Number of protein chains: 2
Amino acid sequence: MKKITIGDAARQSGVKVPTIRYYESIGLLAAPSRSQGNQRSYEPADIRRLAFIRHARELGFEVGSIRTLLALQDDPDQSCASADAIAKARLIEVEQRIRSLMALKTELEIMVEGCGHGRVDQCRVIEVLADHGQCMHPHH
Amino acid sequence: MKKITIGDAARQSGVKVPTIRYYESIGLLAAPSRSQGNQRSYEPADIRRLAFIRHARELGFEVGSIRTLLALQDDPDQSCASADAIAKARLIEVEQRIRSLMALKTELEIMVEGCGHGRVDQCRVIEVLADHGQCMHPHH
DNA sequence: CTTGCACCTCTAGTCGCTAGAGCATGTAGG
DNA sequence: CCTACATGCTCTAGCGACTAGAGGTGCAAG
């Protein structure tokens with residue numbers, strides 16, 4: 001059997017070495033076997049699990065949700081209703097975040113366009129920040 | 001002179017009480033005068049400053065940037081080039097974040113739509129997470 | 001005068017890592 | 001076989017921007 005070091009695991013999964021150790025410490029990844037010299041030795045399944053975690057993190061899932069998703073993956077007989085619920089909740093979050101960022105973008109554009117590059121006391125950036133009432137697109 | 005307590009400052013500015021104390025501790029807000037009983041007593045200018053900070057935080061500016069923006073506001077003779085640069089940088093960040101969230105939204109939608117609500121081993125949510133190659137809209 | 005809320009300070013916890021110190025191990029070249 | 005040097009190990013502390021809690025004091029109403 002090929003022994004995968006933590007460095008190789010990091011390269012193959014795209015998860016950084018200290019992060020892998022961190023995931024082990026919080027119980028997201030099982031502690032792997034060790035070599036004679038006490039070095040972690042991973043299996044291909046661990047790499048897949050790490051890639052799963054990484055992808056889920058990139059999608060913005062929190063560690064708690066990932067824990068549930070991993071538990072579901074480990075037990076394929078279960079209904080995927082939980083996974084679906086988690087993904088749907090995340091989708092709603094993302095949609096809200098997009099809406100709020102769009103409003104924010106508009107507000108920033110107004111600020112930047114309004115800036116005449118003169119003195120601060122005529123600057124729209126400062127002005128808009130100081131007085132929220134000037135926001136054209138309320139986002140909160 | 002009317003004395004504004006920290007609680008009233010919180011209500012008027014929309015910044016929570018412990019957060020106001022935190023801002024004082026990191027030097028974002030000057031320490032106000034105190035009453036006989038050692039209670040903080042704010043001026044209307046402090047409330048405006050807090051509202052400024054709150055608004056900037058809502059727009060996603062980091063405390064470091066807010067520090068600069070506040071310094072600019074305090075000295076209105078200065079050129080607003082820095083304020084403009086900060087706002088522009090933030091605008092670019094926001095635009096990138098929106099793009100990445102849109103990609104993410106698409107991916108989540110595919111996951112959720114593909115979920116047949118059956119068993120986990122046929123669930124697209126789990127499947128897509130496990131295999132990044134299935135992303136239709138690569139976002140990273 | 002007492003009740004009860006608001007205020008005070010201080011410490012520690014949150015989340016998801018990241019950085020650093022100070023060692024041990026593994027590997028490639030000479 | 002020896003020496004470099006990369007990589008591994010553990011442990012602690014730090015990041016940002018708060019938030020929570022303990023344990024105490026101030027103050028205003030009934």
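Remember, predicted model here, so these are calculated numbers, not experimental data. What you see below is based on every heavy atom in this structure, not just the backbone, and it leaves out hydrogens, waters and symmetry mates. Proteins come first, then strands; the chains are lettered A, B, ... in the order of their sequence lines, and each starts at number 1.
Here B/R40 reaches the OP1 or OP2 of C/dC8: one of its side-chain N or O atoms lies under 4.0 Å away. For C/dA6, the OP1/OP2 oxygens have no side-chain nitrogen or oxygen of B/T5 closer than 4.0 Å. In this structure, B/R34 does not reach the C/dC7 phosphate: none of its side-chain N or O atoms is under 4.0 Å from OP1 or OP2.
Under the 4.5 Å side-chain criterion, counting only non-hydrogen atoms from C-beta, B/I4 is not in contact with B/E43. A heavy-atom distance below 4.5 Å is found between the side chains of B/R40 and B/E24.
Residue contacts shown for B/Q36 are absent, as no nucleic acid heavy atom lies under 4.0 Å away. Residue B/R21 is in base contact, counting any heavy-atom pair closer than 4.0 Å across all strands shown.
A side-chain donor-acceptor contact under 3.5 Å links A/S13 to the backbone of A/A9. In terms of modelled atom types and a separation under 3.5 Å, the side chain of A/R90 and the main chain of A/E62 share no donor-acceptor contact.
Remark: P of C/dC23 and CG of A/N38 are 17 Å apart, rounded to the nearest angstrom. Rounded to whole angstrom, the span from the OH atom of A/Y22 across to the C1' atom of C/dC17 amounts to 6 Å. A straight line from CZ of A/F61 to P of C/dC15 spans 18 Å, rounded to a whole angstrom. The NZ-P distance, from B/K16 to C/dA6, rounds to 16 Å in whole Å. Rounded to an integer number of Å, the gap from CD1 of B/I20 to C1' of C/dT9 is 16 Å. One atom, CD of A/Q39, and another, P of C/dC23, lie 18 Å apart when rounded to the nearest Å.
Both A/I6 and B/I53 sit near DNA chain D, but only A/I6 has its closest nucleotide nearer the 5' end. Mapping B/E62 and B/G37 onto DNA chain D by nearest heavy atom places B/E62 closer to the 5' end of the strand.
By the 4.0 Å N-to-carboxylate-O rule, B/R54 lies close enough to B/E58 to be salt-bridged with it. At a threshold of 4.0 Å, the pair B/R49-B/D46 does not count as salt-bridged, since none of the basic side-chain nitrogens sits closer than that to a carboxylate oxygen.
By the 6.0 Å contact criterion, CZ on A/R97 is open, its count of non-hydrogen atoms from other residues, nucleotides or ligands being 12 or less.
Mapping heavy-atom proximity under 4.0 Å, the span of DNA chain D touched by chain B runs 5' to 3' from D/dA17 to D/dC27.
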